[in-house]
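Residues: numbered from 1 along the sequence shown. Since this is a predicted model, take the numbers as computed values, not measurements. Only heavy atoms go into these numbers, but all of them, side chains included; no hydrogens, no water, no symmetry mates.
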Amino acid sequence: MIIAVDGPTASGKGTIARALAAHFGLPHLDTGLLYRAVGRQCALNGGNPDDPADARAACTFPDSLLDDPELRSEATGGLASRVSIHSDVRKALYERQRSFATQPGGAILDGRDIGTVIAPEADAKLFVTASVEARAERRHSEMLEQDRAVSIEDITADLAARDKRDRTRKDSPLVVAEDALVIETSGLRREEAIAAAIAAVDALLAEHR
Ligand code: DC
């Protein structure tokens, strides 16, 4: 069984995907982390994330980079969004995501294009979203917990810019898959969002049976 969870930054899709993985006993891949690693490697190489060749060269990052705490920063999220518009980067990361999705026993992946490009045959597709304000507030609290000083205004501006880039890029933009169930998490507490996601997946699986 493959479960695809897509949605914009800080929508709660990562939390939901991890909870679904635990509930259904499936391995989970946070595909945003791969794009973050490319963005970070590009910066470490002294490359320009907007340059297709520099971004492509950064796709050969060491696996140890995936454990770098800097990958979770807002700055790296911005770099990830910039390198992710290049088709060569998306092609370079495709196989790794595809083989994770099609492993025996199934998998759950979260990202932007899982239900549309990486695993269009997924048994259940969720699109997790929330208002920019709710997402900025969540991201702001996360940053405060990590002692990272960022203003809510800067986070809001950054989220809006990334949303626009992710939704309007030519290759694999962030869109709601036709057969996805939308979960709007703005007014929901963590446990409520998780319960809504489990119920949605159960309903989608029952439909497929
Ligand atoms: O989910 P995230 O914030 O960690 O993702 C960082 C960036 O990576 C996001 O702005 C766009 C890109 N991304 C993508 O293009 N496709 C994916 N499947 C996952 C992330």
Side-chain angles (χ1 to χ4, degrees), residues 4-11 13-15 17-18 27-103 107-114 116-119 135-136 138-140 142-151 153-175:
V5 181
D6 289 303
T9 296
S11 57
K13 68 179 184 326
T15 301
R18 279 190 298 276
H28 164 234
L29 179 66
D30 167 4
T31 63
L33 212 54
L34 303 176
Y35 288 92
R36 284 170 181 264
V38 176
R40 174 87 177 127
Q41 184 65 53
C42 188
L44 292 171
N45 292 347
N48 172 2
D50 303 319
D51 179 78
D54 283 1
R56 174 68 187 87
C59 291
T60 47
F61 57 82
D63 271 4
S64 57
L65 188 62
L66 294 170
D67 299 320
D68 182 347
E70 184 52 33
L71 255 50
R72 308 275 173 191
S73 74
E74 282 305 285
T76 307
L79 291 172
S81 174
R82 286 161 69 187
V83 294
S84 75
I85 72 164
H86 305 299
S87 289
D88 278 353
V89 169
R90 307 203 71 82
K91 270 189 219 132
L93 298 182
Y94 175 84
E95 211 41 61
R96 184 171 186 154
Q97 298 173 81
R98 180 70 194 157
S99 48
F100 191 92
T102 56
Q103 66 186 288
I108 171 158
L109 292 85
D110 75 83
R112 301 289 186 291
D113 60 344
I114 308 304
T116 50
V117 176
I118 302 296
R135 292 190 283 131
R138 270 181 213 155
R139 187 46 60 87
H140 191 232
E142 274 171 28
M143 294 287 137
L144 289 183
E145 273 167 30
Q146 298 168 20
D147 277 338
R148 295 182 194 258
V150 218
S151 76
E153 289 76 21
D154 284 352
I155 294 180
T156 308
D158 183 58
L159 282 183
R162 277 167 63 186
D163 276 1
K164 186 165 180 229
R165 199 182 299 118
D166 294 351
R167 287 178 201 275
T168 58
R169 69 176 176 229
K170 285 209 178 67
D171 192 345
S172 321
L174 174 67
V175 289

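The side-chain contact (heavy atoms from CB on, under 4.5 Å) search around Thr31 returns Leu29, Gln97, Leu109, Ile114, not counting sequence neighbours. Among residues two or more places apart in sequence or in another chain, the side chain to side chain donor-acceptor pair (under 3.5 Å) test is passed with His28 by Asp110. Applying the side chain to side chain donor-acceptor pair (under 3.5 Å) test to Asp51 and every residue at least two apart in sequence or in another chain returns nothing. Applying the side-chain contact (heavy atoms from CB on, under 4.5 Å) test to Ser151 and every residue at least two apart in sequence or in another chain returns Glu153, Asp154. For Pro52, the side-chain contact (heavy atoms from CB on, under 4.5 Å) partners are His86, not counting sequence neighbours. The salt bridge (charged side-chain N to carboxylate O under 4.0 Å, His left out) test applied to Arg18 returns no partner, not counting sequence neighbours. With sequence neighbours left out, Ser11 forms a side chain to side chain donor-acceptor pair (under 3.5 Å) with no residue at all. Residues passing the side-chain contact (heavy atoms from CB on, under 4.5 Å) test with Leu174 are Pro8, Arg112, Phe127, Asp166, Arg167, sequence neighbours excluded. Under the side chain to side chain donor-acceptor pair (under 3.5 Å) criterion, Asp163 pairs with Arg135, not counting sequence neighbours.
In this structure, OG on Ser84 lies 7.5 Å from CZ on Arg165, to the nearest 0.5 angstrom. Of the inter-residue distances, the one linking Asp6 atom CG with Asp113 atom CG reads 6.5 Å to the nearest 0.5 angstrom. Rounded to the nearest 0.5 angstrom, Asn48 CG and Cys42 SG are separated by 7.0 Å. Taken from OG1 in Thr15 to CZ in Arg138, the straight-line distance is 8.0 Å, to the nearest 0.5 Å.
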Which donor-acceptor pairs under 3.5 Å do side chains of residues 56-66 form with protein atoms, sequence neighbours excluded?
{"from": "Thr60", "atom 1": "OG1", "to": "Ala57", "atom 2": "O", "distance (Å)": "3.1"}
{"from": "Asp63", "atom 1": "OD1", "to": "Arg96", "atom 2": "NH1", "distance (Å)": "3.4"}
{"from": "Asp63", "atom 1": "OD1", "to": "Arg96", "atom 2": "NH2", "distance (Å)": "3.2"}

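Residues Arg169 and Asp171 come closest through the heavy atom pair NE-O, 3.0 Å. Scanning both residues, Arg98 and Ala119, for their nearest heavy atoms gives NH1-CA, 3.8 Å. Contact between Val83 and Gly39 at its shortest, heavy atoms only, is CG2-N, 3.9 Å.
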Requested in this report: Determine, stepwise, if the pair Val89 / Tyr35 fulfils side-chain contact (heavy atoms from CB on, under 4.5 Å).
Outcome: CA-CA 8 Å; Val89 169; Tyr35 288 92; 4.1 Å; yes
Report task. Walk me through it: do Asn45 and Asp54 pass the test side-chain contact (heavy atoms from CB on, under 4.5 Å)? Result -> CA-CA 8 Å; Asn45 292 347; Asp54 283 1; over 6 Å; no
**Report entry** Criterion side-chain contact (heavy atoms from CB on, under 4.5 Å) on Asp158 and Arg139, from CA distance to verdict
**Finding:** CA-CA 11 Å; Asp158 183 58; Arg139 187 46 60 87; over 6 Å; no
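Side-chain contact, Arg162 with Ser81: no donor N or O sits under 3.5 Å from an acceptor N or O.
Listed by first then second residue, pairs satisfying salt bridge (charged side-chain N to carboxylate O under 4.0 Å, His left out) with a partner in residues 79-89 read Asp50-Arg82, Asp88-Lys91, not counting sequence neighbours. Annotation: salt bridge (charged side-chain N to carboxylate O under 4.0 Å, His left out) contacts involving residues 29-41, sequence neighbours excluded, comprise Asp30-Arg72, Arg40-Asp68.
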